[in-house]
Amino acid sequence: VARVAFIGLGTMGLPMARNLLAAGHEVVGCDLDRGRVDELGAERAETAAGAAAEAEVAITSLPSPAAVEEVALALRGSGIEAFVDMSTSPPALARRLAEELGAEGIGCLDAPVSGGPQRAWPGTLTVMVGGDAETFVRVEPLLQVVGELVVRVGGPGAGQAAKLCNNLVAGATMTALAECCALAEREGIDPVVLYSVLTASTGDSSVLRRRFPIGGIDDAHPASHDFEALFTLDLIAKDLALALQLADEHGVAAPLAAAALERYRDAQAAGLGGLDYSAVYLAAQETARD
Ligand code: NAD
């Protein structure tokens, strides 16, 4: 049994913390929104440092790199053995934190996840880990509770790099799907027929199967529920910007990611940022009408 400080109990953090509790671990929760800790039904701490005071491991699932950095640095001197960031953050930040917290004897892992809340609740996420092997061995049993596939990709930052590569594909795929649907709509193709054709053709993908952007096809898809977010458009825009930053650091051209980000920025400007990222379709539809 480990004592875990879990900081950030949002769409992803809450189910992950819930699964750790259910597996018999002691969890102290911390979130700016106190209601989230109530929902978890665990001990509450007002601050991240307070949550970590008696914990061995601190885990974050936060919406921005700035929040991750602020929380991680507040954990210096807390006595934790390991810090695990499960948010999607820049690899450079993961490397810096590994150095800064490492100097205090705290092992650091970047362990971003894929699968959304649909796979967070049953504990079947994909967890991509960066960090030293020793810390990985120590923390892996906790990661196995929330994940079905837990992979150490490499040293500090490698998990985040893999995650950004994945989300570059997911973000670009969704914009392609939005353009496809806007075009098919113009052609008068029945969305039910379009979905059945795409899922049986080369246009198939897990993005398509989870968030076809035309409502009424599959009840599990956000488009069938006014685009209520499983993963917000604001968050995919954050991840694409981080992917572009990484591409720039390496001198890798990524015009496709840049074009996709522009579409999400347009959708954000239209007030759609808090919706699921499949709502980028609404912006594509508007363009089609112009
Ligand atoms: P969310 O906005 O639902 O949750 C974030 C939570 O953090 C909120 O409850 C917020 O109140 C809390 N918070 C913010 N700043 C805080 C602070 N300083 N201290 C304590 N709590 C704070 O976001 P989410 O969808 O759960 O995403 C979390 C992270 O996981 C993001 O980095 C995201 O990119 C990543 N992610 C999300 C999904 C998804 O499908 N939603 C999938 C994979 C990865």
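Hydrogens, waters and symmetry mates play no part in the numbers below; they use all other heavy atoms, side chains included. Just follow the structure's listing: the first ligand is 1, and inside any ligand the first atom is 1. None of these values were measured; they are calculated from a predicted model. Nothing fancy with the numbering, it's 1 onward along the sequence.
Nearest to atom 14 (C) of ligand 1 among the protein's heavy atoms is Pro63 CD, 3.5 Å. Scanning the protein heavy atoms around atom 23 (O) of ligand 1, the nearest turns out to be Leu235 CD1, 3.9 Å. For atom 22 (C) of ligand 1, the closest non-hydrogen atom of the protein is Leu62 CD2, 3.4 Å. Protein heavy atom nearest atom 18 (N) of ligand 1, with residue, atom name and distance: Val71 CG2, 4.0 Å. Nearest non-hydrogen protein atom to atom 35 (C) of ligand 1 is Thr88 OG1, 3.7 Å. Among protein heavy atoms, the minimum distance from atom 8 (C) of ligand 1 is reached at Asp31 OD2, 3.5 Å. Among all non-hydrogen protein atoms, the one lying nearest atom 21 (N) of ligand 1 is Leu32 N, 3.3 Å. Val113 O, 3.2 Å is the protein heavy atom nearest to atom 43 (C) of ligand 1.
Heavy-atom proximity to Gly116, at under 4.0 Å, picks out these atoms of ligand 1: 40 (O). Against a heavy-atom cut-off of under 4.0 Å, Lys163 is close to the following atoms of ligand 1: 43 (C). Of all the atoms in ligand 1, the ones that sit under 4.0 Å from a non-hydrogen atom of Gly8 are 7 (O). The distance from ligand 1 to the heavy atoms of Lys238 drops below 4.0 Å at these ligand atoms: 31 (C), 32 (O), 33 (C), 34 (O). Atoms of ligand 1 lying under 4.0 Å from at least one heavy atom of Leu230, given by number and element, are 39 (C), 40 (O), 41 (N).
Salt-bridge check for Arg138 with Glu56: failed, with every basic side-chain N at 4.0 Å or more from each acidic carboxylate O. For the pair Arg152 and Glu140, the salt-bridge criterion is not met [side-chain N within less than 4.0 Å of a carboxylate O]. Using a 4.0 Å cut-off between charged side-chain N and carboxylate O, Asp218 and Arg210 make no salt bridge.
Closest heavy-atom approach to atom 4 (O) of ligand 1 among the candidates Ala229, Gly115, Gly10: Gly10. Remark: among candidates Thr11, Asp85, Leu9, the nearest residue to atom 24 (P) of ligand 1 is Thr11, based on non-hydrogen atoms.
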Going by atom type alone, with no hydrogens or angles, which donor-acceptor pairs under 3.5 Å involve a side-chain atom of residues 160-167 and a protein atom two or more places apart or on another chain?
{"from": "Gln160", "atom 1": "OE1", "to": "Ser89", "atom 2": "N", "distance (Å)": "3.0"}
{"from": "Gln160", "atom 1": "NE2", "to": "Ser87", "atom 2": "O", "distance (Å)": "3.0"}
{"from": "Lys163", "atom 1": "NZ", "to": "Val113", "atom 2": "O", "distance (Å)": "2.8"}
{"from": "Lys163", "atom 1": "NZ", "to": "Asn167", "atom 2": "OD1", "distance (Å)": "3.2"}
{"from": "Asn167", "atom 1": "ND2", "to": "Asp239", "atom 2": "OD2", "distance (Å)": "2.7"}

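The shortest N or O to N or O distance between Ser87 and ligand 1 is not under 3.5 Å. Residue Met12 has at least one nitrogen or oxygen atom sitting less than 3.5 Å from a nitrogen or oxygen atom of ligand 1, judged on distance alone.
When non-hydrogen atoms are compared, ligand 1 lies under 4.0 Å from neither the backbone nor the side chain of Glu70.
The closest approach between a heavy atom of Pro117 and any atom of ligand 1 is below 4.0 Å. Ligand 1 lies nowhere less than 4.0 angstrom from a heavy atom belonging to Ser114.
For the residue pair Thr60 and Asp85, a side-chain donor N or O sits within less than 3.5 Å of a side-chain acceptor on the partner. Under 3.5 Å, the side chains of Arg119 and Thr126 contain a donor-acceptor pair of N or O atoms.
The closest donor-acceptor contact from the side chain of Asp31 to the backbone of Leu9 lies under 3.5 Å. Tyr281 places no side-chain N or O within 3.5 Å of a backbone atom of Ala223 that could act as its donor or acceptor partner. Put simply, the side chain of Asp276 never gets that close to the backbone of Thr232: no donor and acceptor are under 3.5 Å apart.
Within a 6.0 Å radius of CD in Glu54, other residues, nucleotides and ligands contribute 12 heavy atoms or fewer. Counting heavy atoms of neighbouring residues, nucleotides and ligands inside a 6.0 Å radius, atom CD of Glu99 does not exceed 12 of them.
Partner of Phe6 under the side-chain contact (heavy atoms from CB on, under 4.5 Å) criterion, out of Val37, Leu14, Ile59, Leu40: Ile59 alone.
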